[in-house]
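First up is the structure itself, then whatever we jot down about it.
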2 protein chains.
Amino acid sequence: MVTMRDVADRAGVSIATVSFLLNDTKPVTAATRARVEQAMAELGYRRNAVARALASRRTHIIAMAYPALDHKFGFSATEFLTSAANAARERDYHLVLWPVGNDGTELTELLGQGLVDGVVLMEVQLDDPRVTVLQELATPFAMIGRTSALEGLSHVDIDFDQTVEDAVAHLHGLGHRRIVLVSGNLTDPLFSTYGPYVRSEAAYRRIAPEYGLETVVMECSGSTQAGQEAMARLIHNHPDTTAVMIVNEFAALGSVAGLSRLGRRIPDDISVLPLLMAPEMAALTNPELTIMRTPGPELGQLGTEALIRQLEGADPLPPQLVPAKLYPGATVAAPTGPQPKAAAGRRGARKSRS
Amino acid sequence: MVTMRDVADRAGVSIATVSFLLNDTKPVTAATRARVEQAMAELGYRRNAVARALASRRTHIIAMAYPALDHKFGFSATEFLTSAANAARERDYHLVLWPVGNDGTELTELLGQGLVDGVVLMEVQLDDPRVTVLQELATPFAMIGRTSALEGLSHVDIDFDQTVEDAVAHLHGLGHRRIVLVSGNLTDPLFSTYGPYVRSEAAYRRIAPEYGLETVVMECSGSTQAGQEAMARLIHNHPDTTAVMIVNEFAALGSVAGLSRLGRRIPDDISVLPLLMAPEMAALTNPELTIMRTPGPELGQLGTEALIRQLEGADPLPPQLVPAKLYPGATVAAPTGPQPKAAAGRRGARKSRS
DNA sequence: CTGAAAGCGCTTACAG
DNA sequence: CTGAAAGCGCTTACAG
């Protein structure tokens, strides 16, 4: 292995000088620089990351902590992960993947090893024990998602308000007046404080009335099976529904299969609009889904960037909320059947929202 | 930060003794052990991973190198990744994710940093430049997948022969005599040497005749769109096909949609059997797919295990080939239409393969 | 069974 | 602008 010592000897300088040049931490004359750079090139020198980490107390490794047991690792999670890994690489950091429980004990254990400079937290609960752990250990971190209490916490997240607003506006504009939201299974303690469900539902309950719409929220677990079953309940309990918005991406896929099996034509009889989904997944159904596209690549990048800025002492990245944007497919269209009276009578009831 | 020095002082021993005990590398008397362990507990000592790495030349970090640009990161890849990350954690290793190109230049760059003990290679090409790089740098590695030349290379992979054999046997047993294989797009230089396509096709060409079947191989890129289009060609060129086996998981999903749009009933008119797919994906179609289930969790775990054994100098794990197993769904059934003469005439032509 | 000491390959005050 | 030296927190021959 070629060390800094070797380079210094060949260039006729001290190892300190090599280090200064390498890190651009002190000025070096052009002549010295040339000699050192030539020596490095000739020897094929590569700076040892471990030694650097020990001496500088900065490993340039960040961890992505995701609660493996509790959340399926779907397409969206994959987008977060790969974009975070790429963003880290671009900034000369490494990303390690830490599958940990939601309770923070494993996180404590891992952080104790001193291997990482900071942590990107995925699938954040409204009250997340991992946040407490990180704060107690004074470990820099950024959240992809948000706890309820946020003061001073670095985070990026989906803008659920804007996403739901855009989705409702789109459907309403097409003429839909019976729009149901399929959210999560809030009786499951794990998901009753899961941001995407809670925030989507809150946004829907606030926005739908502004459009003169009745609010109907259905609970549904995050699996294709559950999504399929939910559609049977929907048809039974809310037969006049013309459009369904659905939060979980797996359930959304199941809903299409479910409606088809129940003999409902999409989008002629009913429109389906997932609120959070990756395009790769949208292409999997027949017809291809119209979706609100999860900003996974953006958020993975932003979350990583927010963390690295903290680590480098740069200006902090302000919290960013990014909406899911409409990504056209073939499951949303104007309703064709007769409009329910109540809704029809409310046309124009939409409040101005300039 | 509590260091080994602090522990040693409080226990009244040298730091060497603490290290010996911690690593179980030299015997320590019960009395000494008790004192040291108490000191560690009282101080909340955690061994610093970076210092250990520098002194021992073993970082306990392994990298998963995946060619991000060239391969979609689908469900199967996610299964490999998460199971590898879990396996690493269980053995007290960390897994970093390296999105790298297929050509090995970035890999060289990253390996030079000395951060990882070894590499798990994903999406291995038959002739993979990354393998050359790893060998030249004498970096331990394990492949999930296989190059053509294998002597001495640690690897785990799908058992394509067994998988295709099982799939053909299953379909044949149900009465199918016109079984088409939809493989990859071999005109694309990147995929003409991609193991899953090449090996599936080779296995099919070898096995089908043993069952008295005519071999028909269709090319198809790895997207839902391509899978859909391939079905139009299939219906046109090979109208008497009763069953289709399809390698790529995205194309497989598209094929179901494509056949439906073309008015073919699945499985009444035609059976569909993907050769490599994750169950989460199989649930997405209507009807739900019968699949050969990719052994992603097994292979991710085995590949990681194979690498770690090399690193620890344990008995090497022999190369493992794991077949995809039949995972029942609703897209495979006995053919209902009239059997084509040629095939019918060959019944019983199956060679004995005891 | 235990310890003193060298060393892993860097970074970083400190001095000049 | 450059260098000598201490130190990061461990592991590991070597000696006893």
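To find a chain, count down the sequence lines: A is the first, B the second, and so on, and within it residues start at 1. The figures that follow rest on heavy atoms only: side chains count, while hydrogens, waters and symmetry mates do not.
Only B:Leu54, B:Ala55, B:Arg57, listed by number, bring a heavy atom of residues 38-61 of chain B to less than 4.0 angstrom from any atom of DNA chain C.
Classification of B:Asp92 and B:Arg58 as a salt-bridged pair fails, no side-chain N sitting under 4.0 Å from a carboxylate O. A salt bridge between B:Glu123 and B:Arg130 is absent, with no side-chain N of the basic residue lying under 4.0 Å from a carboxylate O of the acidic one. Contact check on B:Arg146 versus B:Asp159 returns no salt bridge, with no Lys/Arg side-chain nitrogen under 4.0 Å from an Asp/Glu carboxylate oxygen. Salt-bridge check for B:Arg89 with A:Glu109: failed, with every basic side-chain N at 4.0 Å or more from each acidic carboxylate O. Of the charged side-chain nitrogens involved, none lies within less than 4.0 Å of a carboxylate oxygen, so that B:Asp6 and B:Arg10 do not count as a salt-bridged pair.
Residues A:Gln113 and B:Arg47 fail the side-chain proximity criterion, which asks for heavy atoms closer than 4.5 Å. A 4.5 Å side-chain heavy-atom check between A:Leu115 and B:Ile61 finds at least one atom pair inside the cut-off. Contact check for B:Val119 versus B:Leu121: side-chain heavy atoms found under the 4.5 Å cut-off.
Rounded to whole Å, atom P of D:dC1 lies 15 Å from atom CZ of A:Arg35. Summarising the geometry, the separation between CG on B:Leu22 and P on D:dT12 is reported as 12 Å, rounded to the nearest angstrom. Between A:Leu115 atom CG and D:dG9 atom P there is a gap of 15 Å when expressed in whole angstrom units. Atom P of nucleotide C:dG7 and atom CE of A:Met1 are separated by 17 Å, given to the nearest angstrom. Between the P atom of C:dT12 and the CG atom of A:Asn23 lies a distance of 7 Å, rounded to the nearest Å.
A parallel orientation is assigned to the rings of A:Tyr93 and A:His60, their planes being inclined by less than 30° (bins at 30° and 60°).
Scanning DNA chain C for stems, defined as runs of 3 or more consecutive Watson-Crick or G-U wobble pairs whose donor-acceptor distances all fall under 3.5 Å, gives the following ranges: C:1-3 with D:14-16, C:5-12 with D:5-12, C:14-16 with D:1-3.
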Start with the C-alpha distance between B:Ile308 and B:Asp117, add both sets of side-chain angles, then the distance that settles side-chain contact (heavy atoms from CB on, under 4.5 Å), and finish with yes or no. CA-CA 9 Å; B:Ile308 292 178; B:Asp117 290 339; over 6 Å; no
Pull out every protein N or O sitting under 3.5 Å from an N or O of nucleotides 2-4 of chain C, one pair per line with the distance.
unit_1	atom_1	unit_2	atom_2	d
C:dT2	OP1	B:Thr29	OG1	2.8
C:dT2	OP1	B:Thr32	OG1	2.2
C:dT2	OP2	B:Thr29	N	3.1
C:dG3	OP2	B:Ser14	N	2.9
C:dG3	OP2	B:Ser14	OG	3.4
C:dG3	OP2	B:Thr17	OG1	2.7

